[in-house]
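Both counts, for ligands and for their atoms, begin at 1 and track the order of listing. In this text, all values refer to a predicted model and were calculated from it rather than measured experimentally.
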Amino acid sequence: MDATLAPRDPRAPGQFGRAVAVPSSKQEEAKSRWKEGNFNVYLSDMIPVDRAIADTRPAGCSDQQVHNDLPTTTIIMCFVDEVWSTLLRSVHSVLSRSPPSLIEEIILVDDFSTKEHLKGKLDQYMSQFPKVKILHLKERHGLIRARLAGARIAKGSVLTFLDSHVECNVGWLEPLLERVRLSRTKVACPVIEVISDKDMSYMTVDNFQRGIFTWPMNFGWSQIPQEIIEKNKIKETDVIRCPVMAGGLFSIDRKYFFELGTYDPGLDVWGGENMELSFKVWMCGGEIEIVPCSRVGHIFRNDNPYSFPKDRVRTVERNLARVAEVWLDEYKELFYGHAYHLVLKHLDVGNLTQQIQLRKKLQCKSFRWYLENVYPDLDAPLVKASGLLRNVGLAKCITVENTRLALEVCDVNNKHQQFNYTWLRRIQHGELCIMPSGATVVLRPCRAGSPSMAWLHRALVALQTQLRDHLVTERLQKSACLEVGPSHKALRVGACDSTNPQQKWQFGSYHAD
Ligand code: UD2
Ligand code: MN
């Protein structure tokens, strides 16, 4: 169903999703309006708000059947200072390309925008569409809590979240709702296509993409390798299981969303909420899928066109650290190891009691289970190196004798010679850490966030590659290196010397650089 198949003006700029060029006399104007939305606002205003776009679905989608008792959905679109024409185009695309019987309502959540056009003028315009409701928030909630404000008043059995600068393509809604109908714990995402920020053209994207993350929890897309597609005979129209969702566009059963405890309401403004919901869904019994027959265009922008109540980077870091603390179990060291500055600044993530209780109540599985079953291709060694810690010059190994350190003949079977080099940069034997104490070194219970227990080794000695094989401590203002004392029995720290083999160390095995 597509009400725009025969558009009012087939020759209008941008019609059928075509690229538009700014006339040379308008270059300056277009340039000056860019920052209103961090995309080509001038062109957006030229394009019909109900333009047609090409049907980009893979072959076969239009023949697919869905049940005739699909659940109804509430569309929730929240925005702050969105560009007028873009917001309208988003709403029109929903109205033009969704079966009316499936749309319970469209809730626009105005997250305390400062722009005048998003107040009375918007209310006035939308009053022609009885299904569109506008919620003007009285203070800035941030996207996470703004979505929750919309969810709380929603009446549809499914919630469908969208950004406010999208264009839903033909047949986008039915396959999403079909998945939720099949199982209420499925969270269905459309393929996110690209509306060019420069020329406003609607572009399709490669199929077979999964939403993934890399450390320290950066969202990304990853192409399923061709040999896996062939081996498993995956078709273009097949649903793809995703370790994480992009965040902006998805359908979820309303009651299930509340059973899951929604988003962690302690997450601020923007960012990380997609990780949180993804881990929660997978680890607590649900699934996240991309549905290739559902396609929605989105304007990807280089920067947020609105201000952050606090610093943007810090907001996202704090959100991610909250997610790590609640969901990552022992793997949170990988997160902190890849974002080590967070360890150093003793980041305050706020109170986590409720989130931890929720995870218990929902009897969610472990992060290890998630890695093994949902995202087995993620490289996630729990420590950077492990095994014997051998001195290159002496060819002897560090041994723990009672609670003291000594050098002995290496013996892989000796459990007193086993050390881990952790993501938090510690040389750890069980719960004990090697640390400098004056000119000597001692074993002490490892303490959270204690930089004096940190040692640099291999890739971490980035600035002095000639010290790659050393163990460098930065405790004493200038750096010092772990070395063997003159008796060849005791350990100590001394001035780093790249040529001294008694300052070079090697772990039994390395799991990451
Ligand atoms: C992605 C997601 C987005 C969200 C975000 C944060 C897609 C396509 N987009 O970034 O939905 O998950 O990651 O993790 O997957 N907004 C508010 N109040 C705010 C800030 C934003 O209402 O304080 C609105 C904003 O107007 C927009 C939506 O929230 O409609 C998402 O923000 P964005 O478009 O800046 O995020 P995006 O697409 O860069
Ligand atoms: Mn967006």
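- Heavy atoms of D111 found under 4.0 angstrom from ligand 1 belong exclusively to the side chain.
- In this structure, D81 contributes its side chain and K115 its backbone to a donor-acceptor pair below 3.5 Å.
- Counted by atom type alone, R89 and S44 present one or more donor-acceptor pairs between their side chains at under 3.5 Å.
- Using a non-hydrogen distance threshold of 4.0 Å, A146 does not register as a contact of ligand 1.
- Of all the listed residues (F250, W270, F308), W270 holds the heavy atom that lies closest to atom 37 (P) of ligand 1.
- In the model, Y202 has a side-chain atom that pairs as donor or acceptor with a side-chain atom of E193 under 3.5 Å.
- For atom 30 (O) of ligand 1, the nearest protein heavy atom (residue, atom name, distance) is S164 OG, 2.8 Å.
- Atoms of ligand 1 found under 4.0 Å from any heavy atom of N304, numbered from 1 in the order shown, are 35 (O).
- A disulfide is assigned to C61 and C293, since their SG atoms are nearer than 2.5 Å.
- The closest protein non-hydrogen atom to atom 14 (O) of ligand 1 is E273 OE1, 2.8 Å.
- Looking only at heavy atoms of the protein, atom 9 (N) of ligand 1 is closest to D163 OD2, 3.2 Å.
- When all heavy atoms of V20 and L43 are compared, the pair lying nearest together is O-CD1, 3.4 Å.
- The nearest protein atom to atom 29 (O) of ligand 1, hydrogens excluded, is given as L143 CB, 3.6 Å; this is a heavy-atom distance.
- Aromatic ring centroids of H298 and F300 lie under 6.0 Å apart.
- Annotation: cation-pi geometry not satisfied between K332 and W423 (NZ/CZ under 6.0 angstrom from ring centroid, within 45° of ring axis).
- Of the polar atoms of V80, at least one N or O is found under 3.5 Å from an N or O of ligand 1, judged by distance alone.
- Interface atoms of ligand 1 facing H298, defined by a heavy-atom separation under 4.0 Å, are 8 (C), 38 (O).
- Geometrically, R312 engages W270 in a cation-pi contact, judged by NZ or CZ lying under 6.0 Å from the ring centre and within 45° of the ring axis.
- Side chain of D238 to backbone of I234: no donor-acceptor contact under 3.5 angstrom is found.
- A donor and an acceptor atom, one from each side chain of E317 and H341, are located under 3.5 Å apart.
- Of all protein heavy atoms, the one lying nearest to atom 15 (O) of ligand 1 is G248 N, 2.9 Å.
- Using a 4.0 angstrom heavy-atom cutoff, R147 counts as in contact with ligand 1.
- Among protein heavy atoms, the minimum distance from atom 25 (C) of ligand 1 is reached at C78 O, 4.0 Å.
- Minimum heavy-atom separation, E174 to P99: OE2-CG, 3.2 Å.
- Within the protein, the number of N, O or S atoms lying under 2.8 Å from the Mn ion (ligand 2) is 3.
- Residue contacts with ligand 1: H141 is excluded, as none of its non-hydrogen atoms falls under 4.0 Å.
- Counting atoms of ligand 1 from 1 in the listed order, those under 4.0 Å from a heavy atom of H165 are 27 (C), 30 (O), 34 (O).
- The ligand atoms of ligand 1 that sit less than 4.0 angstrom from a heavy atom of V269 are 23 (O).
- When all heavy atoms are compared, the tightest approach of G266 to R318 is O-NH1, 3.3 Å.
- None of F335, W327, F279 except one satisfies the ring pair (Phe, Tyr, Trp, His ring centres under 6.0 Å) rule with F367; the exception is F279.
- By the 4.0 Å heavy-atom criterion, M77 is excluded from the residues contacting ligand 1.
- By heavy-atom distance, the residue among F79, Y306, F161, F300 lying nearest atom 32 (O) of ligand 1 is Y306.
- Nearest-residue assignment for atom 1 (C) of ligand 1 (options A149, A246, P305, P309; heavy-atom criterion): A246.
- Side-chain atoms of Y306 and N304 include a donor-acceptor pair closer than 3.5 Å.
- Of the candidates R147, R140, K138, D111 forms a salt bridge (charged side-chain N to carboxylate O under 4.0 Å, His left out) with just one, namely R140.
- Among all protein heavy atoms, the one lying closest to atom 33 (P) of ligand 1 is R301 NH2, 3.4 Å.
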- Kindly determine whether L277 and F257 satisfy side chain to side chain contact (heavy atoms under 4.5 Å, CB included), including the steps that lead there. CA-CA 9 Å; L277 191 58; F257 184 60; 4.3 Å; yes
